[in-house]
Amino acid sequence: MTSLMLAKAKEEWDQEIVDKQSEKERYLSERITPLHTSGLSLSQLQDLCRELHEKVEIVDEERYDIEAKCNHNTREIKDLKIKVLDLRGKFKRPPLRRVRVSADAMLRALLGSKHKVSMDLRANLKSVKKEDTEKERPVEVGDWRKNVEAMSGMEGRKKMFDAAKSPTGQ
């Protein structure tokens with residue numbers, strides 16, 4: 001499927017290139033007459049060169065004018081964008097207030113007054129006792145220096161390994 005689409009797109013692209021080339025040739029043949037320089041004297045060739053230079057100057061002036069207009073429009077667009085951003089920043093948005101609505105009122109607003117739906121959202125919640133959450137675990141407080149001396153060296157590493165093994169029941 002994609003290969004067919006790619007092949008069709010390539011054909012259209014090639015046709016578009018050919019069309020553009022033929023349009024360019026047609027436009028140039030209308031606008032530019034072929035030069036006949038054979039059999040002209042030196043003065044006639046100089047006159048022809050002067051005419052061509054005048055035409056080139058006219059085209060350059062038009063190009064310069066169009067470029068100046070384009071630059072002016074680009075600057076004006078930038079200035080207008082900056083003005084829009086400035087105006088947006090001057091308006092303060094009001095702070096939003098928190099509105100408390102019960103679930104029943106919200107459902108009535110969404111579904112309309114026809115539907116009498118009542119939902120007790122708190123009925124399905126699990127009750128938690130504070131005693132369970134606040135159990136304190138006994139913390140052993142001892143001299144840390146004894147622990148460091150006991151665990152230093154290879155014997156300490158072996159003790160740590162054995163201690164890690166024993167609580168799992170292996």
Side-chain angles (χ1 to χ4, degrees), residues 1-130 132-134 137 139 144 148 157 160 164:
M1 181 71 181
T2 57
S3 61
L4 291 173
M5 289 174 59
L6 287 174
K8 181 69 174 169
K10 179 153 177 42
E11 287 176 13
E12 289 180 6
W13 188 41
D14 292 339
Q15 183 62 37
E16 189 176 318
I17 290 172
V18 169
D19 290 344
K20 283 184 180 181
Q21 185 65 28
S22 62
E23 178 66 23
K24 181 179 176 182
E25 289 173 3
R26 185 191 61 76
Y27 179 78
L28 289 176
S29 66
E30 288 176 3
R31 299 279 293 180
I32 300 171
T33 58
L35 290 177
H36 299 289
T37 56
S38 60
L40 294 177
S41 67
L42 183 61
S43 63
Q44 290 173 336
L45 285 174
Q46 288 175 346
D47 290 339
L48 181 62
C49 285
R50 284 189 198 107
E51 287 177 19
L52 291 175
H53 279 290
E54 288 173 6
K55 288 182 181 179
V56 168
E57 285 178 11
I58 291 170
V59 169
D60 278 344
E61 287 175 6
E62 290 175 359
R63 182 184 55 82
Y64 177 79
D65 291 342
I66 291 171
E67 190 175 330
K69 284 181 185 178
C70 183
N71 288 338
H72 177 72
N73 289 341
T74 305
R75 267 187 259 116
E76 192 172 336
I77 288 170
K78 276 185 183 177
D79 292 342
L80 290 174
K81 282 183 181 178
I82 290 172
K83 283 183 182 178
V84 165
L85 290 175
D86 288 345
L87 288 175
R88 264 193 214 156
K90 288 182 182 176
F91 295 113
K92 290 184 179 178
R93 293 183 181 150
L96 299 175
R97 287 183 229 134
R98 180 168 288 176
V99 178
R100 292 185 182 231
V101 178
S102 68
D104 294 333
M106 191 173 296
L107 284 173
R108 264 188 261 121
L110 290 173
L111 301 174
S113 60
K114 295 180 195 174
H115 302 283
K116 303 278 184 183
V117 179
S118 64
M119 274 181 68
D120 189 12
L121 298 175
R122 293 183 181 165
N124 297 333
L125 294 178
K126 195 176 180 182
S127 63
V128 177
K129 296 179 183 176
K130 286 189 176 181
D132 294 340
T133 59
E134 296 178 359
R137 296 179 183 158
V139 179
W144 61 272
V148 169
R157 290 202 175 99
M160 284 176 30

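Heavy atoms only: backbone and side chains are in, while hydrogens, waters and symmetry mates are out.
Atom CZ of Arg75 is separated from atom SG of Cys70 by 10.0 Å, given to the nearest 0.5 angstrom. His36 contributes atom NE2, which lies 11.0 Å from atom CG of Leu48 (distance to the nearest 0.5 angstrom). Between Leu6 atom CG and Glu11 atom CD the span is 11.5 Å, to the nearest 0.5 Å. For the atom pair CH2 of Trp13 and NZ of Lys10, the computed distance is 6.5 Å after rounding to the nearest 0.5 Å. Put simply, NE2 on His72 and CD1 on Ile77 are 10.0 Å apart, with the number rounded to the nearest 0.5 Å. Rounding to the nearest 0.5 angstrom, the gap separating the CG atom in Leu85 from the CG atom in Leu80 is 11.0 Å.
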Could you walk me through whether Glu67 and Asn71 pass the side chain to side chain donor-acceptor pair (under 3.5 Å) check?
-> CA-CA 6 Å; Glu67 190 175 330; Asn71 288 338; 4.5 Å; no
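When the shell of 6.0 Å around CZ of Arg26 is examined, it contains more than 12 heavy atoms from other residues, nucleotides or ligands.
Side-chain contact check for Asp19 versus Glu23: every heavy-atom pair is 4.5 Å or farther apart.
Under the 4.0 Å criterion applied to side-chain N and carboxylate O atoms, Asp79 and Lys83 are not assigned as salt-bridge partners.
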